[in-house]
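Structure first, then comments.
Chain letters run A, B, ... following the sequence lines, proteins first and then strands; every chain starts at 1. On a predicted model such as this, the values are computed, not experimentally measured, just so you know.
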2 protein chains.
Amino acid sequence: MSNLDQIAKLAGFSKATVSRVLNNSPHVSPETRDTILAIMKQLDYVPNGNAVSLSKGRTLQIGMCAEGINEAMLPFLNSFVETASQNGYQTIIYTSGGDAKQELKAFEELRRKRVDALVIITCVNDHALLGSYCKYGPIVSWQRMELPEIRSVAMNQYDGYKLGVEHVIEQGCTRIANVLGRPSSMNTLSRLAAYEEMMKKHHLPIRHEWSLTGIYSIRDGERVVRELLLGGGEHPDAVLCANDLVAAGLLNEARRQRIRVPEDLAIVGFDNTELAHTLGITSIDNPIAAQAQNAFYLLLGKLNQAESVQQKLQFSLVKRVTT
Amino acid sequence: MSNLDQIAKLAGFSKATVSRVLNNSPHVSPETRDTILAIMKQLDYVPNGNAVSLSKGRTLQIGMCAEGINEAMLPFLNSFVETASQNGYQTIIYTSGGDAKQELKAFEELRRKRVDALVIITCVNDHALLGSYCKYGPIVSWQRMELPEIRSVAMNQYDGYKLGVEHVIEQGCTRIANVLGRPSSMNTLSRLAAYEEMMKKHHLPIRHEWSLTGIYSIRDGERVVRELLLGGGEHPDAVLCANDLVAAGLLNEARRQRIRVPEDLAIVGFDNTELAHTLGITSIDNPIAAQAQNAFYLLLGKLNQAESVQQKLQFSLVKRVTT
DNA sequence: TTGAAAGCGCTACCAA
DNA sequence: TTGGTAGCGCTTTCAA
């Protein structure tokens with residue numbers, strides 16, 4: 001493995017000049033540049049990334065923090081990784097499995113200067129604690145946060161959820177249930193607020209036992225059918241789901257139980273993923289890839305002390321056969 | 001931001017001693033250690049990751065190369081990231097979007113010592129070219145490779161596919177179609193070989209127009225129904241799918257077209273993912289998470305010049321309602 | 001047990 | 001346009 005020193009010696013120039021060639025400095029004569037480039041090629045030279053990072057004080061690496069990666073995050077992840085890459089940044093994944101200690105390691109890596117910035121997909125630590133890491137570098141979040149220091153690129157799901165509630169009401173549903181994710185996350189609270197407002201506006205009854213939380217996956221969705229639709233008493237005639245996975249599980253199990261969709265039960269997903277399209281699930285479109293781009297450019301802006309232009313985004317409802 | 005030098009000065013010891021404390025060297029007296037640790041805590045000190053990497057010549061980072069991340073890779077990705085993390089290694093994602101030039105950047109990062117090793121999920125460059133990067137660090141692959149230098153942790157799908165073909169034949173199917181992924185990948189070839197062998201063994205006709213390639217996603221699976229099952233003439237009575245996504249698309253579209261499953265058409269997926277479970281798709285179980293662990297330990301072994309123990313793995317068929 | 005000093009490989013400032 | 005040199009922050013031998 002050759003290094004700058006060797007190149008400099010062989011070419012008969014100083015390390016400084018070789019470094020200039022490496023960094024495309026205009027202050028190098030064409031002949032000198034050619035000579036040096038030739039030697040580099042000959043020795044199969046590439047600069048050592050760690051040395052560059054140490055010297056420059058920047059790694060061109062961005063950390064991505066999540067409990068674990070699932071389908072719902074894929075559009076965000078792919079879009080972020082690609083956007084970053086186009087701008088010369090690599091993405092390091094830190095998954096915590098929901099362990100707060102483990103999660104904190106990602107933030108420590110920011111402090112240790114292994115990454116220049118951090119993007120949170122989901123996090124479990126106290127937000128204020130995480131916010132204290134902002135002094136080590138820019139942090140942005142997908143998950144909505146309670147602090148001003150860590151901006152979130154996610155949209156206020158209040159607006160999106162309202163579309164869903166409005167839609168099933170228009171379809172004639174009156175007994176509307178919510179199947180939600182993390183119990184007291186901002187998204188859940190926003191959705192509940194939208195739900196309650198719409199229900200009140202239309203003078204429909206709000207039944208708290210029809211708002212379930214902690215539902216995330218296909219299997220969770222299947223379980224919901226048993227909890228919400230198979231017991232005695234009155235059943236909901238519409239369910240708004242935490243995401244399309246849940247909606248898929250719900251739909252599948254409902255059909256298995258001979259519940260007619262949408263006649264007896266309307267189902268609305270969230271995010272409008274490929275899965276919703278495939279299974280014909282009505283879903284609320286959430287422009288996730290664009291949010292990831294916003295996230296990256298927000299970080300890049302802070303890294304370069306420049307203002308970054310953010311795309312304006314909005315929700316929309318895609319009606320399919322489940323409503 | 002404090003550094004080693006400041007800690008050393010404040011503590012009244014040399015940098016060497018401070019470094020020893022950092023690296024848990026036994027050659028430090030307890031009192032010295034305590035003093036130094038106290039100062040570190042007081043100054044909120046953490047070592048600079050880049051400096052450590054440069055000095056040690058190792059980054060504790062492993063690159064992961066893929067065209068893009070999709071659901072099928074998630075179990076591998078999550079398992080790999082977690083296993084790596086447990087062993088002190090972080091994972092950097094490099095996606096190429098199928099662009100060979102872009103993909104090569106991941107391998108250049110190995111050469112530049114930004115990562116200690118590389119794991120290939122999928123790659124598009126010439127294998128021999130990629131193999132030439134082995135001199136810069138260990139490389140292992142999930143996708144099967146044609147070179148001995150880059151070992152693959154994937155299993156020979158010949159064995160798995162045979163289970164599938166055998167199964168549908170046992171169910172009484174005779175007109176068996178294959179829906180495959182990358183046209184001339186080793187997996188596709190292995191599957192075709194298994195198919196042909198089983199068909200010959202049972203004296204069943206092999207119809208090459210019933211072997212489709214380049215099918216990956218749910219939507220692709222939906223398309224297959226139109227191509228394979230809706231035209232005039234004879235139709236297959238069983239389809240073995242590239243993966244569970246394809247099987248899901250196929251199943252869904254078949255039902256939409258009023259094709260009875262499994263009476264008129266048996267469907268077998270591959271990988272036995274959550275989706276297959278949910279939709280009740282018979283699938284061939286592929287222990288992917290374990291393969292990811294094998295991949296990591298293979299790399300770790302080479303990094304530490306030690307032999308690594310590999311888990312022995314095998315396929316199995318999970319029968320559900322689509323056969 | 002501790003310290004001095006020579007790396008690790010590159011950047012960037014100041015002179016020339 | 002080029003070179004000298006002092007960093008960047010930590011590790012690791014060699015001596016003491």
Side-chain angles (χ1 to χ4, degrees), chain A residues 1-37 39-40 43-61 88 108-116 136-137, chain B residues 1-37 39-40 43-61 88 108-116 136-137:
Chain A
M1 290 272 58
S2 51
N3 62 21
L4 241 196
D5 229 9
Q6 297 175 27
I7 303 291
K9 296 232 166 76
L10 273 170
F13 291 94
S14 68
K15 293 200 304 180
T17 300
V18 177
S19 176
R20 286 188 194 101
V21 171
L22 244 26
N23 293 282
N24 293 312
S25 158
H27 306 298
V28 183
S29 78
E31 304 82 55
T32 303
R33 181 182 306 277
D34 289 346
T35 311
I36 292 177
L37 284 176
I39 304 275
M40 284 180 177
L43 289 205
D44 200 32
Y45 168 80
V46 281
N48 179 307
N50 284 117
V52 176
S53 291
L54 175 59
S55 192
K56 290 203 166 151
R58 306 179 308 133
T59 58
L60 297 179
Q61 295 184 159
E108 286 296 323
E109 291 298 275
L110 180 62
R111 198 166 150 214
R112 305 175 81 114
K113 305 212 170 294
R114 301 244 42 177
V115 295
D116 295 338
Y136 303 116
Chain B
M1 289 273 56
S2 52
N3 61 22
L4 241 196
D5 227 9
Q6 298 174 28
I7 303 292
K9 295 231 167 76
L10 274 169
F13 290 94
S14 69
K15 294 198 303 179
T17 301
V18 178
S19 176
R20 287 189 192 99
V21 171
L22 244 27
N23 293 282
N24 293 312
S25 160
H27 305 299
V28 183
S29 78
E31 305 83 52
T32 305
R33 182 183 305 278
D34 290 346
T35 312
I36 291 177
L37 285 176
I39 304 275
M40 284 181 178
L43 290 205
D44 199 31
Y45 169 80
V46 282
N48 178 308
N50 284 118
V52 176
S53 290
L54 175 59
S55 193
K56 291 203 164 149
R58 306 179 308 132
T59 58
L60 297 179
Q61 295 183 158
E108 285 296 322
E109 291 297 276
L110 180 62
R111 200 167 149 212
R112 308 175 79 115
K113 304 209 170 296
R114 298 239 57 164
V115 295
D116 295 339
Y136 303 116

Pick the nucleotide of DNA chain C nearest each of B:P26 and A:L54; which residue has the one closer to the 5' end?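 Closer to the 5' end of DNA chain C: B:P26.
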
Starting from [atom2] on [N], measure out to [atom1] on [X] and report it in whole angstrom.
X: A:K56; N: C:dC13; atom1: NZ; atom2: C1'; answer: 15 Å
X: A:Y45; N: C:dG9; atom1: OH; atom2: C1'; answer: 7 Å
X: A:R33; N: D:dT2; atom1: CZ; atom2: C1'; answer: 13 Å
X: A:L4; N: C:dG7; atom1: CG; atom2: P; answer: 17 Å
X: A:N50; N: D:dT11; atom1: CG; atom2: P; answer: 13 Å
X: B:R58; N: C:dG9; atom1: CZ; atom2: P; answer: 15 Å
X: A:N48; N: C:dG7; atom1: CG; atom2: P; answer: 17 Å
X: A:H27; N: C:dA15; atom1: NE2; atom2: C1'; answer: 15 Å

Please write out the pairs of protein N or O atoms and N or O atoms of nucleotides 14-16 of chain D separated by less than 3.5 Å, giving the distance to one decimal.
none

Assign B:T32 to base, sugar-phosphate, or nothing according to its heavy-atom contacts below 4.0 angstrom with the strands shown.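 It contacts sugar-phosphate atoms only.
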
Assign B:N23 to base, sugar-phosphate, or nothing according to its heavy-atom contacts below 4.0 angstrom with the strands shown.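 If one applies the 4.0 Å heavy-atom cut-off, B:N23 turns out to touch the sugar-phosphate alone, with no base involved.
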
To the nearest 0.5 Å, tell me how far B:T59 OG1 sits from B:D116 CG.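 With rounding to 0.5 Å, OG1 (B:T59) is 3.5 Å from CG (B:D116).
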
Kindly give the heavy-atom pair with the smallest separation between B:Y136 and A:D44, and that separation in Å.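 For B:Y136 and A:D44, the tightest heavy-atom pair comes out as OH-OD2, 2.9 Å.
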
Closest non-hydrogen atom pair between B:I36 and B:A11, with its separation: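 Where B:I36 meets B:A11 most closely, the heavy atoms are CG1-CB, 4.0 Å.
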
Do any N or O atoms from the side chain of B:N50 and from the backbone of B:S53 form a donor-acceptor pair under 3.5 angstrom?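 Not a single qualifying donor-acceptor pair exists.
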
Do any N or O atoms from the side chain of A:S55 and from the backbone of A:A51 form a donor-acceptor pair under 3.5 angstrom?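 Checking the backbone N and O of A:A51 against the side chain of A:S55, no donor-acceptor pair under 3.5 Å is found.
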
Would you check if there is a donor-acceptor pair between the side chains of A:T32 and A:S29 at a distance under 3.5 Å?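 There is such a pair between these side chains.
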
Under a 3.5 Å threshold, yes or no: a donor from one side chain and an acceptor from the other, between B:Q61 and A:Q61?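 Result is yes, a qualifying pair exists.
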
Taking the side chain of [X] as its heavy atoms from C-beta onward, which of [options] lies nearest to it?
X: A:S29; options: D:dT1, D:dG9, C:dT11; answer: D:dT1
X: A:V28; options: D:dT2, C:dT11, D:dC10; answer: D:dT2
X: A:S55; options: C:dT2, D:dC10, D:dG7; answer: D:dG7

Report yes if some heavy atom in the side chain of B:R58 is under 4.5 Å from a heavy atom in the side chain of B:L60; otherwise report no.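 In short, these two side chains touch, coming nearer than 4.5 Å.
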
Determine whether more than 12 heavy atoms belonging to other residues, nucleotides or ligands lie under 6.0 Å from atom CZ of A:R111.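 More than 12 heavy atoms, drawn from other residues, nucleotides or ligands, come within 6.0 Å of this atom.
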
Does B:N3 put a side-chain nitrogen or oxygen below 4.0 Å from OP1 or OP2 of D:dG9?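 For D:dG9, OP1 or OP2 has a side-chain N or O of B:N3 closer than 4.0 Å.
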
Tell me which residues in residues 11-19 of chain B lie within less than 4.0 Å of DNA chain D, going by non-hydrogen atoms.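 Close to the strand are B:K15, B:A16, B:S19.
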
Residues B:N23, B:S19; criterion side chain to side chain contact (heavy atoms under 4.5 Å, CB included); working and verdict: CA-CA 6 Å; B:N23 293 282; B:S19 176; 3.4 Å; yes

